[in-house]
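Worksheet: one structure, shown below.
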Amino acid sequence: MAGDVLYDDGLVRVDESGLTLARYYFPFATAKRITFGQIRAVHVRRMGWLTGRLRGWGTTNPGFWLPLDLRRYRRTSIISLDVGGRVQPSFTPVDPDAVLELLRLRTTPRSGHGD
């Protein structure tokens, strides 16, 4: 069950037990819930015009999935989560530094930041 909200930009919500990615699943735009215990690693990448910045929803790389975000073109960082599956949930929060700090404080020491 979700606890107190620590961060919420309408796209990504982080609370005491995990995070929720809004408008994740295609075609119904339902949310995806990920608990901190599911996260094996956190990866941050600069996002360019050819590496996701123009992608509104979905992927051009079958290893990553981006939820619906029609303002992604305004952002420069993408966060991907290794949750043990073949697809890494990836997202572009409005304030990536705030989300990364919350993830750093709440995920296990085996999580790494950066690529």
Side-chain angles (χ1 to χ4, degrees):
M1 183 166 171
D4 292 333
V5 175
L6 305 171
Y7 174 88
D8 189 351
D9 63 17
L11 303 169
V12 180
R13 173 183 234 153
V14 181
D15 58 49
E16 291 293 339
S17 61
L19 58 104
T20 303
L21 302 177
R23 301 181 297 230
Y24 185 81
Y25 292 105
F26 181 83
F28 302 108
T30 54
K32 179 175 185 68
R33 178 79 181 156
I34 302 167
T35 64
F36 292 125
Q38 292 175 285
I39 300 172
R40 295 178 175 191
V42 177
H43 304 284
V44 183
R45 295 173 182 86
R46 287 211 38 88
M47 184 175 51
W49 295 107
L50 299 175
T51 57
R53 205 163 183 181
L54 294 176
R55 173 67 50 188
W57 196 353
T59 187
T60 55
N61 178 335
F64 302 93
W65 183 263
L66 293 162
L68 178 62
D69 179 359
L70 298 179
R71 295 186 178 186
R72 182 170 288 115
Y73 68 91
R74 296 181 178 182
R75 305 188 222 303
T76 58
S77 296
I78 186 168
I79 299 173
S80 299
L81 304 176
D82 177 352
V83 293
R86 64 183 177 90
V87 175
Q88 292 185 4
S90 302
F91 56 101
T92 51
V94 172
D95 187 348
D97 293 334
V99 173
L100 287 168
E101 181 65 11
L102 291 169
L103 290 171
R104 185 188 67 77
L105 293 171
R106 286 166 175 79
T107 56
T108 59
R110 62 190 166 137
S111 294
H113 297 287
D115 245 17

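When reading the values below, keep in mind they use all heavy atoms of this one structure, side chains included, and skip hydrogens, waters and symmetry mates.
- Among the candidates Leu68, Leu81, Val12, the single residue satisfying the side-chain contact (heavy atoms from CB on, under 4.5 Å) test with Leu21 is Val12.
- Rounded to the nearest 0.5 angstrom, Asp15 CG and Asp4 CG are separated by 8.5 Å.
- Among residues two or more places apart in sequence or in another chain, the side chain to side chain donor-acceptor pair (under 3.5 Å) test is passed with Ser77 by none.
- For the salt bridge (charged side-chain N to carboxylate O under 4.0 Å, His left out) condition, the pairs that include at least one residue of residues 76-101, sequence neighbours left out, are Glu101-Arg104.
- For the atom pair Leu19 CG and Tyr7 OH, the distance stands at 11.0 Å (nearest 0.5 Å).
- Residues that satisfy the side chain to side chain donor-acceptor pair (under 3.5 Å) test with Ser80, not counting sequence neighbours, are Arg45, Ser90.
- Taking a 6.0 Å sphere around CZ of Arg106, one finds it holds more than 12 heavy atoms contributed by other residues, nucleotides or ligands.
- Here Phe36 contributes atom CZ and Glu16 contributes atom CD; the two are 7.5 Å apart, rounded to the nearest 0.5 Å.
- Of the possible donor and acceptor atoms, one in the side chain of Arg72 sits under 3.5 Å from a partner among the backbone N and O of Pro67.
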Exercise for review: Kindly determine whether Ser17 and Arg33 satisfy side chain to side chain donor-acceptor pair (under 3.5 Å), including the steps that lead there.
Suggested key: CA-CA 10 Å; Ser17 61; Arg33 178 79 181 156; 2.7 Å; yes
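- Salt bridge annotation for Arg75-Asp69: present, with a cationic side-chain nitrogen under 4.0 angstrom from a carboxylate oxygen.
- Remark: Asp9 engages no residue in a salt bridge (Lys or Arg N to Asp or Glu O under 4.0 Å) (not counting sequence neighbours).
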